[in-house]
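Step one of this worksheet: look at the structure below.
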Amino acid sequence: MDEENDHNVLEIEGGVPLKGAVYISGAKNETTKLMVASTILDAPVTLQNVPHIGDVAITSELLHSLGVQIQYSEKNKTLRLDVHGLSGHQAIYESKRANRLSVLLAGPLLYHFGEAVVQKPGGCKIGERPLDQHLFYLHKLGITIDEQDTVIKLKGKLRGAVIDFPYKSVGATEGALLAAVRADGQTVIRNPANEPEITEQIKFLQRAGVIISYAADGSIIIQGTSAKLRLEHPVRMIGDRVEAISYAAAAVATGGNVELLGIQHHQIVTAISALRQCGAEVIFTGDSIVVQSGEKILPYKLETDPHPAFATDFQQVFVVLMSGAEGVSYMHETVFDNRFKYIEQLNKLGGNFVVSTKCLPFNSCRFANLHEHTTKINGPTHFYGGQAEITDLRAAFALTIAGLLAKTPTQLTNAHHLLRGYDHPIDKLTALGAKIKLIEKD
Ligand code: EPU
């Protein structure tokens, strides 16, 4: 479920190549997950390099409603969570602002109270996003599940088990990790997702005292514990890899260059090679990664897959980047069944993109002939601007790049999507030379 539609508008005047350095903020999908993970510890936790984004605010509201004390300093980019007041077992959003993290609280709340009520996120703009794998791990860990219309009621004592996930799910892996830490006995998570933010969650748990290790096949083995778990030192968030790739793609698409500060190379290996295949030059300075446009943008074929392959959160900005190439490019989305809603909006701005249920020119995937999940990009596109609606967070940045490329001004409605996951995007884009304004309307 997303926030309600709003009337805030991004106004962009295109034609300026982005140039300069940008500091990449802390990772959204690490920060919010470690906020939730803090609820299984026995002492306050301080997170550093916390991004100023809507999703952190929504997660704070949810945890606060459960009795967690939260102190946030935007100036110091720190967030302190004190779980001692945790008193409620119902993770229900109080306002219309919601994200998908309620269900991740299942394990922690079951540990503290022996029962939990979590809110179902419902379908969303990027696909059905069912919860079956979340319910699968909870069932395996011995929990009784009562699925209702909008909530799931859970009861029982967590018991260690072997959880053999049929598909690599980020959220289900994270939820299973938290539940397993407080389960009775050992848990083995087979076929876990491997996103960098999950590695950070594992490091967080290990630092707090959890016995956790990897098996040769990549399975994660956790020894459940009721011992006191605490972190002696603050935990620093890694850079947001999606933000980094978004600015890199914007710089190359507009014929400019960007120096990315605060991002770790190992998180974006596949995406860096994709940038090079699209004609960009990438230089590693030691402290930063410089991405600059080459002689021309080259057409390419890309497919999304779980990490360390090319991420589904990168596809939107690459679709716009590849549209600058002469020739045909393709993007095959194999993670979410409906992540091309924004294509219609790009076409309103002058794009020439065609979505299809076929997988060609790629190998067949589970969405073949069922969902529109492949986009053919007929380049070069000459965006002419106009009005379009932002459909979701990652589409927000892709549509913004289209605006930066357009000949006449662009207005994008539903601007809150951008602010949910990008830290100070207007300031950062402006510092790179973009002409962009956020017009807040009542
Ligand atoms: N899936 C199921 N059943 C489940 C769970 C997932 O079928 O119970 C399916 C999903 O429908 C999807 C696939 O498995 O087709 C992968 O979903 P996953 O669970 O990995 O995604 P998620 O945890 O819901 C997180 C990020 C997304 C990111 C994906 C994939 C957060 C809050 N969200 O979602 O980030 O795209 O992993 O990497 O961590 C974003 O930041 O804009 C964003 C959407």
Side-chain angles (χ1 to χ4, degrees), residues 1-2 25-37 51 53-56 58-59 62 98-106 118 120-140 145 147 152 163 165-178 191-201 237 240-246 267-268 270-271 304-317 333-339 341-342 365-367 370-371 373 390-398 417-423:
M1 194 193 313
D2 281 309
S25 298
K28 164 176 94 74
N29 292 345
E30 178 189 6
T31 309
T32 52
K33 309 305 174 71
L34 294 193
M35 290 171 72
V36 171
I53 53 173
D55 239 19
V56 167
I58 295 168
T59 310
L62 178 66
N99 59 17
R100 306 184 59 78
L101 296 201
S102 166
V103 72
L104 284 193
L105 280 156
V118 296
K120 287 163 87 170
C124 88
K125 297 261 170 56
I126 63 175
E128 268 306 310
R129 304 184 81 174
L131 291 178
D132 56 318
Q133 299 211 47
H134 293 259
L135 301 186
F136 174 72
Y137 82 72
L138 287 164
H139 174 72
K140 288 273 180 175
I145 299 165
E147 194 174 349
I152 303 169
I163 302 165
F165 281 125
Y167 183 84
K168 287 186 189 297
S169 157
V170 171
T173 301
E174 292 164 336
L177 276 169
L178 294 187
N191 197 25
N194 283 313
E195 271 58 12
E197 297 78 17
I198 293 178
T199 309
E200 294 308 303
Q201 184 174 329
M237 302 302 98
D240 192 304
R241 63 200 161 103
V242 193
E243 189 193 21
I245 292 303
S246 301
Q267 294 189 57
I268 48 174
T270 304
T304 69
D305 274 305
H307 188 82
F310 184 80
T312 169
D313 296 333
F314 301 156
Q315 60 100 328
Q316 304 76 355
V317 293
E333 169 64 56
T334 77
V335 177
F336 287 106
D337 55 44
N338 189 14
R339 215 167 182 184
K341 271 258 167 71
Y342 68 97
C365 77
R366 64 198 171 123
F367 301 147
L370 293 171
H371 302 285
H373 71 290
I390 297 176
T391 50
D392 63 85
L393 168 58
R394 302 305 170 194
F397 213 95
H417 284 298
L418 185 69
L419 303 179
R420 193 164 71 73
Y422 289 91
D423 188 352

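Residue numbers run from 1 in the order of the sequence given. When a ligand or atom number is given, it counts from 1 through the structure's own listing order.
Using a 4.5 Å cut-off on side-chain heavy atoms (C-beta onward), Leu393 and Val242 make no contact. Between Pro51 and Thr31 the shortest side-chain heavy-atom distance falls below 4.5 Å. Side chains of Lys168 and Asn191 form a contact here, defined as non-hydrogen atoms less than 4.5 Å apart.
Ion pairing between a basic and an acidic side chain is recognised when a charged N comes within 4.0 Å of a carboxylate O; Glu333 and Arg339 show no such pairing. With respect to the salt-bridge test (charged N to carboxylate O, under 4.0 angstrom), the residues Glu200 and Lys33 do not qualify.
Judged purely by distance below 3.5 Å, without hydrogens or angles, the side chains of Ser25 and Asp240 never pair a donor atom with an acceptor atom.
Those atoms of ligand 1 with a heavy atom of Lys33 less than 4.0 angstrom away are 31 (C), 32 (C), 39 (O). Near Leu131, with a cut-off below 4.0 Å to any heavy atom, the atoms of ligand 1 are 8 (O). Atoms of ligand 1 found under 4.0 Å from any heavy atom of Lys28 (numbered from 1 in listed order, with element): 40 (C), 41 (O). Short contacts between ligand 1 and His134, defined as distances under 4.0 Å to a heavy atom of the residue, involve ligand atoms 8 (O). Short contacts between ligand 1 and Asn29, defined as distances under 4.0 Å to a heavy atom of the residue, involve ligand atoms 26 (C), 31 (C), 32 (C), 33 (N), 35 (O), 39 (O), 41 (O). Atoms of ligand 1 found under 4.0 Å from any heavy atom of Gly171 (numbered from 1 in listed order, with element): 19 (O), 23 (O). The atoms of ligand 1 that sit less than 4.0 Å from any heavy atom of Val335 are 12 (C), 13 (C), 15 (O), 16 (C).
For atom 20 (O) of ligand 1, the choice among Val170, Leu104, Asp132 with the nearest heavy atom turns out to be Val170. If you check each of Arg100, Lys168, Arg394, Arg339 against atom 44 (C) of ligand 1, the one with the closest non-hydrogen atom is Arg339.
Looking at Tyr167 against ligand 1, only its side chain comes within 4.0 Å, counting heavy atoms.
Note on ligand 1: Arg366 sits in its first shell, one or more heavy atoms being nearer than 4.0 Å. Within the 4.0 Å heavy-atom cutoff, Pro130 counts among the residues contacting ligand 1.
In this view, Pro192 and Thr173, Ile189, Ile220 satisfy the side-chain contact (heavy atoms from CB on, under 4.5 Å) rule, not counting sequence neighbours. Legend: residues meeting side-chain contact (heavy atoms from CB on, under 4.5 Å) with Asp55, ordered by chain and number and at least two apart, are Lys28, Thr32, Ile53, Ile58, Asn99, Arg420.
For atom 9 (C) of ligand 1, no protein heavy-atom neighbour is present inside the 4.0 Å cut-off.
Aromatic ring pairs are classed by plane angle as parallel below 30°, tilted from 30° to 60° and perpendicular above 60°; the pair Phe136 and Phe165 is tilted.
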